[in-house]
*Asks:* 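Pasting a structure below so you can have a look.
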Amino acid sequence: MKKLLSVLLSVITVCLLFSGCNENADVDKTTSTTETTTTTTTRTTEDLSTTFKEAVTNKVYPALEIDNGDGYTNKLAVYQTKYDSSNATRTTNINNAVSRLNNLVIPKDAVFSFNQVVGKRTVLAGYQEAKVVQGDEFVDGLGGGICQVSSTVFQAVLRANLKIKVRACHSLEISYVPLGGDATVQWNSQDFQFENSSGSDIRLKVTAENGVLTCTVYSKDKVSVGDVKVNIDKNGEQYVLTRSVNGEINYTTYSKYSKAKPASTSTTKKAG
């Protein structure tokens, strides 16, 4: 009888070990990304309940440097969004992120990670409370406005025909870019990343002045991005963004949003 019990316990232990391996394999699958098509899951921006958790990072990329010198004169693309400059805390957060992005050089074939460049959004880093997404409403949280910066950069690099590696939409509707065209970030869980696939070193010129946020992409060498068209179609509740170059689609991403609670509990849509 004791031998039988011993055998049964051994079998159960082996089953549990195999179960753990299978779970890890599923986690690994969920972290993989495609190069030309991104199936987007909805994420929140800086969530109050998770702001102070450490970042979940799949890979640390080589550091990128600021270069104010000459040599980047070939304009590949530019994109602008508008913000309310009278909103002091949100403007502070936008300027804080812009200061880390302006004149940033991304070498040929290097990967840009928004979270790794901009860093953790904390009080010590100079970030203040402004509207962010939490669940189904906009609330005050550290770093509100950062997602407008990441979304503006996303739109610029789309038009520069660079390879998008990681992008996600907000869980709620936003207004500073067309629905389906945002790129939310959250320090502990959601990044925005692209690869410099232009064939030349590039530099980002990012400014925030008089309520206008601008991202311009310049290359060091002469580069032709081709005839780039960015289109967003709505299919039911889903927004489908496609980028075509010289008539051929080379990037597609999907977005779906919920609506925020009524204005009585949510004071603004310009958040995240």
Side-chain angles (χ1 to χ4, degrees), residues 33-38 40 59-82 94 97-118 147-168 176-178 180-185 191-209 212-232 240-254:
T33 57
T34 59
E35 292 185 346
T36 57
T37 301
T38 303
T40 305
K59 183 176 181 179
V60 176
Y61 296 103
L64 302 176
E65 297 181 355
I66 299 292
D67 182 356
N68 298 312
D70 299 328
Y72 294 84
T73 58
N74 186 38
K75 183 188 292 187
L76 302 185
V78 61
Y79 194 84
Q80 293 182 323
T81 60
K82 294 182 179 180
I94 288 174
V98 164
S99 69
R100 291 164 170 80
L101 293 168
N102 190 33
N103 291 319
L104 185 76
V105 171
I106 302 101
K108 180 178 67 174
D109 299 326
V111 172
F112 166 93
S113 161
F114 187 91
N115 282 339
Q116 289 178 27
V117 170
V118 172
C147 290
Q148 181 166 353
V149 181
S150 57
S151 297
T152 304
V153 175
F154 170 57
Q155 286 292 331
V157 300
L158 265 180
R159 287 158 172 79
N161 193 24
L162 302 178
K163 185 183 294 183
I164 308 300
K165 292 181 67 69
V166 178
R167 174 265 171 187
Y176 42 77
V177 293
D182 55 321
T184 189
V185 289
D191 200 4
F192 164 60
Q193 299 178 8
F194 68 87
E195 180 181 329
N196 177 10
S197 53
S198 69
S200 167
D201 292 356
I202 63 172
R203 182 166 67 186
L204 303 181
K205 182 68 176 178
V206 187
T207 60
E209 298 174 347
V212 179
L213 177 60
T214 305
C215 178
T216 310
V217 184
Y218 292 94
S219 65
K220 192 169 188 178
D221 303 320
K222 189 70 176 178
V223 172
S224 176
V225 299
D227 181 18
V228 179
K229 289 183 171 58
V230 177
N231 186 63
I232 301 176
V240 183
L241 180 150
T242 56
R243 177 182 62 193
S244 63
V245 181
N246 299 327
E248 294 187 7
I249 294 175
N250 69 358
Y251 176 71
T252 305
T253 188
Y254 306 88

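The first residue of the sequence shown is numbered 1, and numbering continues consecutively from there.
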*Asks:* Can you find a heavy atom in the side chain of K205 that is under 4.5 Å from one in the side chain of Y218?
*Replies:*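 Yes, close enough: below the 4.5 Å cut-off.
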*Asks:* Taking side chain as C-beta onward, heavy atoms only, is R203 less than 4.5 Å from L104?
*Replies:*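 The answer is no; the side chains never approach within 4.5 Å.
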*Asks:* Give the intermediate values and the outcome of side chain to side chain contact (heavy atoms under 4.5 Å, CB included) for residues I164 and V157.
*Replies:* CA-CA 8 Å; I164 308 300; V157 300; 3.8 Å; yes
*Asks:* Any chance you could measure F114, atom CZ, to S151, atom OG, to the nearest 0.5 Å?
*Replies:*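 Answer for the CZ-OG pair, F114 versus S151, is 8.5 Å.
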*Asks:* Tell me which donor-acceptor pairs under 3.5 Å the side chains of residues 73-80 have, and how far apart each pair is, sequence neighbours excluded?
*Replies:*
residue	atom	partner	partner atom	Å
N74	ND2	S219	OG	2.9
N74	ND2	V223	O	3.2
Q80	NE2	T214	OG1	3.0

*Asks:* Considering non-hydrogen atoms only, spot the tightest contact between L64 and V111 and give its length.
*Replies:*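 Scanning both residues completely, I find the closest heavy atoms to be CD1-O, 4.2 Å.
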*Asks:* Does the side chain of V230 come within less than 4.5 Å of R159's, by heavy atoms?
*Replies:*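 In contact.
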*Asks:* Is there a donor-acceptor pair closer than 3.5 Å between any side-chain N or O of T253 and the backbone N or O of L241?
*Replies:*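 A pair under 3.5 Å: no.
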*Asks:* Between Q116 and P62 (side chain of the first, backbone of the second, donor and acceptor by atom type, cut-off under 3.5 Å), is there such a pair?
*Replies:*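 Between the backbone of P62 and the side chain of Q116 there is no qualifying donor-acceptor contact (under 3.5 Å).
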*Asks:* Taking 4.0 angstrom as the limit, do D227 and K229 come out as a salt bridge?
*Replies:*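 K229 and D227: salt-bridged.
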*Asks:* Donor-acceptor pair, distance only, cut-off 3.5 Å: does the side chain of D67 make one with the backbone of G69?
*Replies:*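 Between the backbone of G69 and the side chain of D67 there is a qualifying donor-acceptor contact (under 3.5 Å).
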*Asks:* Sub-3.5 Å donor-acceptor pair from the side chain of R167 to the main-chain atoms of D182, do we have one?
*Replies:*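 It does hold such a pair.
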*Asks:* With F194 as reference, evaluate Y251, F112, Y61 under the ring pair (Phe, Tyr, Trp, His ring centres under 6.0 Å) test and give the passing residue.
*Replies:*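 With F194 as partner, Y251, F112, Y61 yield a single ring pair (Phe, Tyr, Trp, His ring centres under 6.0 Å), made by F112.
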*Asks:* Kindly indicate whether the side chain of V185, heavy atoms from C-beta on, has any atom under 4.5 Å from the side chain of N115.
*Replies:*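 They are in contact (side-chain heavy atoms under 4.5 Å apart), so the answer is yes.
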*Asks:* Quiz question: by atom type and distance under 3.5 Å, do the side chains of N250 and N161 form a donor-acceptor pair?
*Replies:*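 Distance-only check passes for N250 and N161.
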*Asks:* Check whether N196 reaches the backbone of S198 with its side chain - one donor and one acceptor, N or O, closer than 3.5 Å.
*Replies:*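 The answer is yes, because a donor-acceptor pair under 3.5 Å joins these two groups.
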*Asks:* Please name the pair of heavy atoms, one in C215 and one in L204, separated by the smallest distance, quoted to 0.1 Å.
*Replies:*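 Shortest heavy-atom contact: SG-CD2, 4.4 Å.
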*Asks:* Show the nearest heavy-atom pair for residues A97 and V118, with the distance to one decimal.
*Replies:*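 Nearest heavy atoms, A97 then V118: CB-CG1, 4.2 Å.
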*Asks:* Should T152 and T81 be marked as a side-chain hydrogen bond (donor to acceptor under 3.5 Å, both in side chains) after you check the CA-CA gap, both sets of side-chain angles, and the distance that decides it?
*Replies:* CA-CA 7 Å; T152 304; T81 60; 2.9 Å; yes
*Asks:* Hey, are the side chains of R243 and I249 touching, using non-hydrogen atoms and a 4.5 Å cut-off?
*Replies:*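 Heavy-atom side-chain distance check fails, nothing below 4.5 Å.
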*Asks:* For residues E65 and V105, determine if any side-chain heavy atom of one lies less than 4.5 Å from a side-chain heavy atom of the other.
*Replies:*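 They are not in side-chain contact.
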*Asks:* Hey, does L213 have a side-chain heavy atom less than 4.5 Å from the side chain of K82?
*Replies:*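 No, their side chains stay 4.5 Å or more apart.
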*Asks:* Quick check against the 3.5 Å criterion: does Q155 have a side-chain atom that pairs as donor or acceptor with the backbone of S150?
*Replies:*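 No; zero donor-acceptor contacts below 3.5 Å.
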*Asks:* Could you tell me which residues satisfy side-chain contact (heavy atoms from CB on, under 4.5 Å) with D221, sequence neighbours excluded, listed by chain and number?
*Replies:*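 Testing D221 for side-chain contact (heavy atoms from CB on, under 4.5 Å), a comparison that skips the adjacent residues, returns S200.
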*Asks:* For F192 and A183, which heavy atoms make the closest approach, and how far apart are they?
*Replies:*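 For F192 versus A183, the nearest heavy atoms are CD1-CB, 4.1 Å.
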*Asks:* State, to 0.1 Å, how close L101 and V117 come at their nearest heavy-atom pair, and which atoms those are.
*Replies:*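 Smallest heavy-atom distance, with atoms named: CD2-CG1, 3.8 Å.
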*Asks:* Taking atom NZ of K163 and atom CG of D109, what is their separation to the nearest 0.5 Å?
*Replies:*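 K163 NZ to D109 CG: 8.5 Å, rounded to 0.5 Å.
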*Asks:* Mind checking whether L162 and I106 have side chains closer than 4.5 Å, heavy atoms only?
*Replies:*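 Result no, sub-4.5 Å side-chain heavy-atom pair not found.
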*Asks:* Do you know which two heavy atoms are closest between A208 and V98, and how far apart they sit?
*Replies:*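 For A208 and V98, the tightest heavy-atom pair comes out as CB-CG2, 4.2 Å.
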